[in-house]
> 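Sharing a structure below in structure tokens format, with a few things to ask.
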Amino acid sequence: MKNQFFKALHLKATDRGELLRFSRKSSVPADRLIYYDRHNILPAGKDLQKICGTAGISQTQLMLAIGIFDDRLRTLLQKNADSIYQSLEQPQDEGTSKLPMPPLVLKTKLGKLYQGDCFSLMQHQDSDSVDLIFADPPFNLNKLYPSNIDDNLRTEQYLGWCKDWLDECIRLLKPGGSFFIWNLPKWNTYLSSYLNQRLTFRHWISVDIKYTLPIKGRLYPSHYALLYYCKGEKPAAFHPDRLPMDICPHCMGDLKDYGGYKDKMNPDGVNLTDVWLDIPPVRHRKYKKRNGSNELSVKLLDRIIEMASDEGDLVFDPFGGSGTTYAVAEIKRRKWLGIEIGPVEDILVRFEHIHEDADYIAKIRKDINCLFTKDDLKRRIENGWWTPDSVREKNRKKI
Ligand SMILES: C[S@@+](CC[C@H](N)C(=O)[O-])C[C@H]1O[C@@H](n2cnc3c(N)ncnc32)[C@H](O)[C@@H]1O
């Protein structure tokens, strides 16, 4: 809810004079009061004392009004849960009316694509029915989408909307199902703390892709946050790819010594970490499936779907965009369910040319789950570097 901080201090958000009087009385600068209100932040230290003193309220009252609970307040609420529940206004009969089912616009051997609001589709799906969910929502960066959705919501509105679709996704996920959320680190800090109370945290994966130009007074944003959760204690599917070793592209020599144990290196490649440096941005027109931004790399979805699902599983993505998730799911023989609120023509065209994505996936997969790609191995031998075979041969001779 908006302006809860001002409401707690009995201030009208629109009355500048009232705000200035409060600021003078409390000796807390007006712009700092506006900052607390706009971002719904709990003041600390002297500000907290002065604000509560001037408004004549306790810290607990302020926390209740702005909806921020520390452990002490949470324990107090838990202790008094019954009496608090009795005093609450009960919500009107919720959840009986459903949005109408959106129109089906594409049916393939394995999947179905609908056009409309993701809530209208999710409401008609059974609980515990999906094996893997990947969600790449709008980032609330005031971008113009082909669907003309409002991408400039107030923080609480955007987070409230996110929590609503997160709730639906959690309901749809099977026990053991995996849930990935792609967003800016700023938003995923909030979504992560919400999800921590509902699912099991697996990883915060940093995917190194620069997504904006450098911003004055800030570090250069260089990674997206990919949250990875599962429903219940353990994921039903988990088979991460292994990647080739880092080597110098010029001389083909080792760039890291991986502990110096060449003979212990797994010939299938090195373990996938939670920092992904090899996901390309989709910038070049030739590789883009739709004009405008926000299309994700097929390589990213290939890795996620491979890691967290099996053939025949059902994959759901509530934010279709150019249909990357659906195309990759189809190619990898997963069932899929999709929806896009805006135009879907790009997805339809993509499926007509799905062999392009399939060829790309085949190319990517040729160069993973090995210690060196075929080409690199050949060049390493030419340049006299060790290979798994040469290490094995050397060890054999030692015996
Ligand atoms: C960031 S893009 C997704 C891009 C996609 N991952 C890809 O690789 O092409 C987000 C998409 O969600 C769509 N969208 C926004 N709100 C929606 C809603 N309520 N229901 C369904 N789609 C929505 C937007 O129109 C936009 O195309």
Side-chain angles (χ1 to χ4, degrees), residues 99-106 112-125 132-153 157-169 172 179-184 187-188 191 207 209 211-212 224-227 279-285 287-305 315-331 336-351 353-354 356-357 360-361:
L99 296 165
M101 181 75 184
L104 179 69
V105 288
L106 172 70
K112 285 184 185 161
L113 173 70
Y114 295 84
Q115 187 171 27
D117 190 318
C118 58
F119 288 96
S120 65
L121 176 62
M122 291 191 285
Q123 286 177 356
H124 292 271
Q125 304 306 309
L132 166 63
I133 301 181
F134 174 82
D136 168 21
F139 300 157
N140 205 32
L141 286 176
N142 202 10
K143 279 203 172 154
L144 184 63
Y145 281 87
S147 52
N148 280 327
I149 53 154
D150 184 352
D151 194 41
N152 192 20
L153 302 173
Q157 258 183 317
Y158 177 68
L159 292 175
W161 173 74
C162 286
K163 288 171 188 172
D164 286 345
W165 60 256
L166 287 176
D167 282 345
E168 271 297 79
C169 288
L172 297 189
F179 191 7
F180 290 81
I181 298 109
W182 176 265
N183 210 324
L184 306 179
W187 295 128
N188 269 354
L191 305 189
V207 183
I209 305 177
Y211 53 84
T212 167
Y224 285 91
L226 176 62
L227 293 179
I279 304 296
V282 187
R283 274 212 194 99
H284 201 286
R285 261 188 96 76
Y287 299 107
K288 261 184 175 316
K289 299 292 174 195
R290 71 170 178 176
N291 292 324
S293 47
N294 305 310
E295 179 182 333
L296 292 179
S297 162
V298 162
K299 190 172 184 181
L300 177 77
L301 270 304
D302 174 67
R303 184 169 295 168
I304 293 170
I305 292 178
V315 177
F316 171 57
D317 181 337
F319 305 105
S322 67
T324 315
T325 308
Y326 316 142
V328 176
E330 179 91 13
I331 292 161
W336 58 270
L337 186 63
I339 182 150
E340 164 57 46
I341 203 168
V344 292
E345 282 65 33
D346 292 332
I347 307 182
L348 305 185
V349 172
R350 181 174 203 151
F351 268 83
H353 302 276
I354 197 162
E356 290 175 12
D357 285 325
Y360 180 51
I361 289 180

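For ligands, and for the atoms within them, numbers begin at 1 and follow the listed sequence. Everything numeric in this text was worked out from a predicted model, so none of it was measured.
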> At under 4.0 Å between heavy atoms, is it the side chain or the backbone of Tyr145 that contacts ligand 1, or both, or neither?
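Looking at Tyr145 and ligand 1, just side chain atoms fall under 4.0 Å.
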
> Are the side chains of Asp136 and Thr324 in touch, meaning some heavy atoms are under 4.5 Å apart?
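Not in contact.
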
> Could you list the donor-acceptor pairs under 3.5 angstrom formed between side-chain atoms of residues 158-167 and any protein atom two or more places apart in sequence or on another chain?
unit_1 : atom_1 : unit_2 : atom_2 : d
Tyr158 : OH     : Pro138 : O      : 2.6
Tyr158 : OH     : Asn183 : ND2    : 3.1
Asp167 : OD1    : Tyr194 : OH     : 2.8
Asp167 : OD2    : Tyr194 : OH     : 3.1

> May I ask you to identify, for Pro318, whether its side chain, its backbone, both or neither come under 4.0 Å of ligand 1 on a heavy-atom basis?
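Answer for Pro318: backbone.
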
> Just which atoms of ligand 1 are under 4.0 Å from any heavy atom in Cys118?
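Those atoms are 18 (C), 19 (N), 20 (N), 21 (C).
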
> Got an N/O contact under 3.5 Å between Glu340 and ligand 1?
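Between Glu340 and ligand 1, an N or O pair is found under 3.5 Å apart.
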
> Which ligand 1 atoms are under 4.0 Å away from a heavy-atom of Thr324?
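Result: 7 (C), 8 (O), 9 (O).
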
> Is the shortest heavy-atom distance from the side chain of His353 to the side chain of Val349 under 4.5 Å?
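Yes. Closest side-chain heavy atoms under 4.5 Å.
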
> Side chain, backbone, both or neither: which applies to Ser147 and ligand 1 if a contact is any heavy-atom pair less than 4.0 Å apart?
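The answer is the side chain of Ser147.
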
> With rounding to the nearest 0.5 Å, note down the distance linking CG in Asp357 to CZ in Arg350.
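Result: 4.0 Å between the selected atoms.
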
> In ligand 1, which numbered atoms sit nearer than 4.0 Å to a non-hydrogen atom of Gly116?
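The list of qualifying atoms is 20 (N), 21 (C).
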
> Hey, looking at atom 9 (O) of ligand 1, which of Ser120, Gly342, Ser322 has the closest heavy atom?
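Among Ser120, Gly342, Ser322, the closest heavy atom to atom 9 (O) of ligand 1 comes from Ser322.
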
> Which residue from Ala327, Gly320, Pro343, Pro138 reaches closest to atom 15 (C) of ligand 1 through any of its heavy atoms?
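Heavy atom nearest to atom 15 (C) of ligand 1 belongs to Pro138.
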
> Report yes if the side chains of Asp317 and Trp336 come closer than 4.5 Å at any heavy-atom pair, otherwise no.
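Not touching, per the 4.5 Å side-chain cut-off.
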
> Kindly indicate whether the side chain of Tyr224, heavy atoms from C-beta on, has any atom under 4.5 Å from the side chain of Phe139.
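They are in contact (side-chain heavy atoms under 4.5 Å apart), so the answer is yes.
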
> For ligand 1, which part of Ile149 has a heavy atom less than 4.0 Å away: the side chain, the backbone, both, or neither?
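Within the 4.0 Å criterion, Ile149 contacts ligand 1 through side-chain atoms alone.
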
> Can you check whether Trp161 has an N/O within less than 3.5 Å of an N/O in ligand 1?
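In this structure, Trp161 places no N or O atom under 3.5 Å from an N or O of ligand 1.
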
> Between Ile341, Thr325, Asp136, Ile339, flag the one that comes closest to atom 6 (N) of ligand 1 by a heavy atom.
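Considering heavy atoms of Ile341, Thr325, Asp136, Ile339, the nearest to atom 6 (N) of ligand 1 sits in Asp136.
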
> Any side-chain heavy atom of Asp150 within less than 4.5 Å of one from Gln157?
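Side chain of Asp150 against side chain of Gln157, heavy atoms only: no contact under 4.5 Å found.
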
> Nearest 0.5 Å, what's the CD1-CG distance between Ile341 and Asn148?
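Separation between the atoms: 10.5 Å.
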
